Amino acid sequence: MHASRDHNPLAVDQNAMVTALRASAPYVHAHRGRTFVLHLPGEAAASPRFVDLIYDIALLASLGVRLVIVFGARPQIDGALSAAGLMPRFANGVRITDAAALACVRQAVGSLQMAYEAHLSTSLASTPMGGARISTASGNLVTARPMGVVNGVDHGHTGEVRRIDAASINAHLARGHIVLLSCIGYSPSGEIFNLVTEDVAGATAAALAADKFVLMHPGDAMHARFAESSPGLTVDAAQAMLDTGNGDLAAADRARLEAAIRACNSGVERSHLVSFETDGALLRELYSRDGLGTMVAADTYDAVRTATPEDLGGVLALIEPLAEAGLLVPRSREAIELDIERYVVMARDGLITACCALMPYSEEAVGELACVAVHPAYRGGNRAAILLAEVEKRARAAGLTQLFVLTTRAPHWFVEHGFAPSSIDALPLAKRAMYNYQRNSAVLIKPLIAA
């Protein structure tokens, strides 16, 4: 007897692969032709995951992403200094680069750049880069100036970013090249400077108006190191994490988070911090809805807005299962479509993750909070409370003085959010006439205090 297809592990894996490909399709379309700046620290090149990470970067290029890689070399430079019998010297976390140290920087960076170019040149059919035929480009694309003397310390050949040659980088990207940048910058007078690569990467992302700025790091996801922290952060939330995270963030992690914040403040919409130690984390962060890293967004990732006719399908997908389970009053598609502009939705990358409706009874200055629903995959994320706050704001702006809700299963949640049990007699006349005594819904009312 042949084994059932349903019990064939290979068939299960293939089904999972098809599902994953279909789920990633919107991101493939959205990212094609976009510009991403990737910062890879020197620790990534020394990691056993490095080759797999290169394969994933090559896949990004094959999918049409315009890529700039800014690679760090701190451990490689330290190794070169050690081999030369020199001690690394730092002041306030910044390397002091004298003439002898600069020679080690040039050696380490040059060797590492060749390693990147060699790995990106792989095109053997037996590897994931089979047939990729990737071309790289580099050069004097970063203009630098000396850092000079800071707090009495002469930093020698350590410099700061002065200008990114965005026009030349864009020309390379237009020809399909992956652009490689390092910690090396050049002055108009021909001097060589050692730069902080997080600064180079952030300045490059800003100069190119990059669609995404990705900073790779070792260890766990950044947000996982803080209790109750979200993987999707606003700039303000990321700054708060930075301000309170002295004990939890190493200096290198602080530099990455600072670079992500600066990039968002400079016009980059999304910065992502992703661990290179988790296999496939880069692809999962960029080609799935929830990702695997920590994102800092210049805008609000979970957008709260008024529903549009295009959202009808997403709203129905949330409401209908709850109506079938008896948790919400059934509403026809036509009824929801007629009232769609009364709905408030929370959307993430096109998916409606939560919704509710504000039904006003203007003569009594009362509003009904209805159809509160959250996508099963996004429950526990405080979405219902965020929507309630938005509805309260809108109700006050409309001159309403109270909100009421009818519920059979969640009265405690509404009580926790300021509603108080009431009676059917407290409902507006029109709603009282429609009350379904068979459902025996609890009536709860919340007064709206002026903000």
Side-chain angles (χ1 to χ4, degrees), residues 38-51 53-54 69-120 136 138-164 180-204 215-219 246 249-259 276-277:
L38 310 183
H39 173 260
L40 275 63
E43 292 83 355
S47 166
R49 294 283 185 192
F50 183 56
V51 173
L53 182 57
I54 291 293
I69 298 175
V70 183
F71 62 91
R74 287 191 186 105
Q76 290 80 8
I77 293 171
D78 287 343
L81 288 169
S82 178
L86 302 172
M87 289 291 295
R89 293 193 298 144
F90 293 86
N92 296 318
V94 178
R95 189 185 296 276
I96 298 172
T97 313
D98 57 19
L102 181 61
C104 294
V105 170
R106 294 171 65 174
Q107 173 192 336
V109 171
S111 177
L112 192 53
Q113 176 154 335
M114 285 188 284
Y116 271 95
E117 291 171 345
H119 283 297
L120 288 169
T136 64
S138 57
N140 57 341
L141 301 171
V142 180
T143 303
R145 59 172 171 254
M147 182 173 288
V149 178
V150 180
N151 295 326
V153 178
D154 186 352
H155 284 72
H157 296 277
T158 298
E160 297 174 332
V161 177
R162 180 176 177 180
R163 187 178 70 87
I164 303 295
L180 289 176
L181 302 178
S182 69
C183 61
I184 297 292
Y186 306 92
S187 74
S189 61
E191 293 179 280
I192 298 173
F193 289 104
N194 178 27
L195 311 175
V196 177
T197 49
E198 289 84 358
D199 292 346
V200 175
T204 302
L215 300 107
M216 307 295 289
H217 62 82
N246 290 327
L249 291 176
D253 288 324
R254 290 184 61 82
R256 294 179 187 106
L257 191 53
E258 287 170 350
F276 60 76
E277 293 182 346

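Because the structure is predicted, anything quoted here is derived from the model rather than measured.
Rounding to the nearest 0.5 Å gives a distance of 7.0 Å between CG of D253 and NE2 of H217. Taking CG from L195 and CG from L181, the interatomic distance works out to 10.5 Å, rounded to the nearest 0.5 Å. In this structure, the separation between CG on N194 and SG on C183 is 4.5 Å, given to the nearest 0.5 Å. Rounding to the nearest 0.5 Å gives a distance of 6.5 Å between CG of L180 and CG of L120. If you take CD1 on I54 and CZ on R49, they are separated by 14.5 Å, rounding to the nearest 0.5 Å. The structure places CZ of R256 at 8.5 Å from OG1 of T197, a figure rounded to the nearest 0.5 Å.
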Contacts table for residues 100-114: side-chain donor-acceptor under 3.5 angstrom, sequence neighbours left out:
| unit_1 | atom_1 | unit_2 | atom_2 | d |
| --- | --- | --- | --- | --- |
| Q113 | NE2 | E117 | OE2 | 3.3 |
| Q113 | NE2 | S138 | OG | 2.9 |

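For E277, the salt bridge (charged side-chain N to carboxylate O under 4.0 Å, His left out) criterion is met by no residue, not counting sequence neighbours. Partners of T204 according to the side chain to side chain donor-acceptor pair (under 3.5 Å) rule, which considers only residues two or more places apart in sequence or in another chain, do not exist here. T158 pairs by the side chain to side chain contact (heavy atoms under 4.5 Å, CB included) definition with V94, T97, M147, H155, not counting sequence neighbours. Listed by chain and residue number, nothing satisfies the salt bridge (charged side-chain N to carboxylate O under 4.0 Å, His left out) test with R162 (two or more places apart in sequence, or in another chain). Listed by chain and number, the residues in a salt bridge (charged side-chain N to carboxylate O under 4.0 Å, His left out) with R89 are D98 (sequence neighbours excluded). Residues satisfying the salt bridge (charged side-chain N to carboxylate O under 4.0 Å, His left out) criterion with D154, sequence neighbours excluded, are absent altogether. Residues passing the side chain to side chain contact (heavy atoms under 4.5 Å, CB included) test with A203 are V161, I164, sequence neighbours excluded. Checked against ring-ring contact (aromatic ring centres under 6.0 Å, His included), F50 has the following partners two or more places apart in sequence or in another chain: Y116, H119.
Contact annotation: the side chain of P41 never approaches that of F71 to less than 4.5 Å [non-hydrogen atoms, C-beta and beyond]. Counting heavy atoms from C-beta outward, H39 and M216 have side chains that stay 4.5 Å or more apart.
What you find for F193 and G156 is that their closest heavy atoms are CE2-O, 4.3 Å. In this structure, S47 and F276 approach most closely via the heavy-atom pair CB-CE1, 3.7 Å. Smallest separation of non-hydrogen atoms from I96 and A91: CD1-CB, 4.1 Å.
For residues 183-192, the side-chain hydrogen bond (donor to acceptor under 3.5 Å, both in side chains) pairs, not counting sequence neighbours, are S187-S189, S189-E191. Applying the side-chain hydrogen bond (donor to acceptor under 3.5 Å, both in side chains) definition to pairs two or more places apart or across chains, those involving residues 75-84 are D78-R95.
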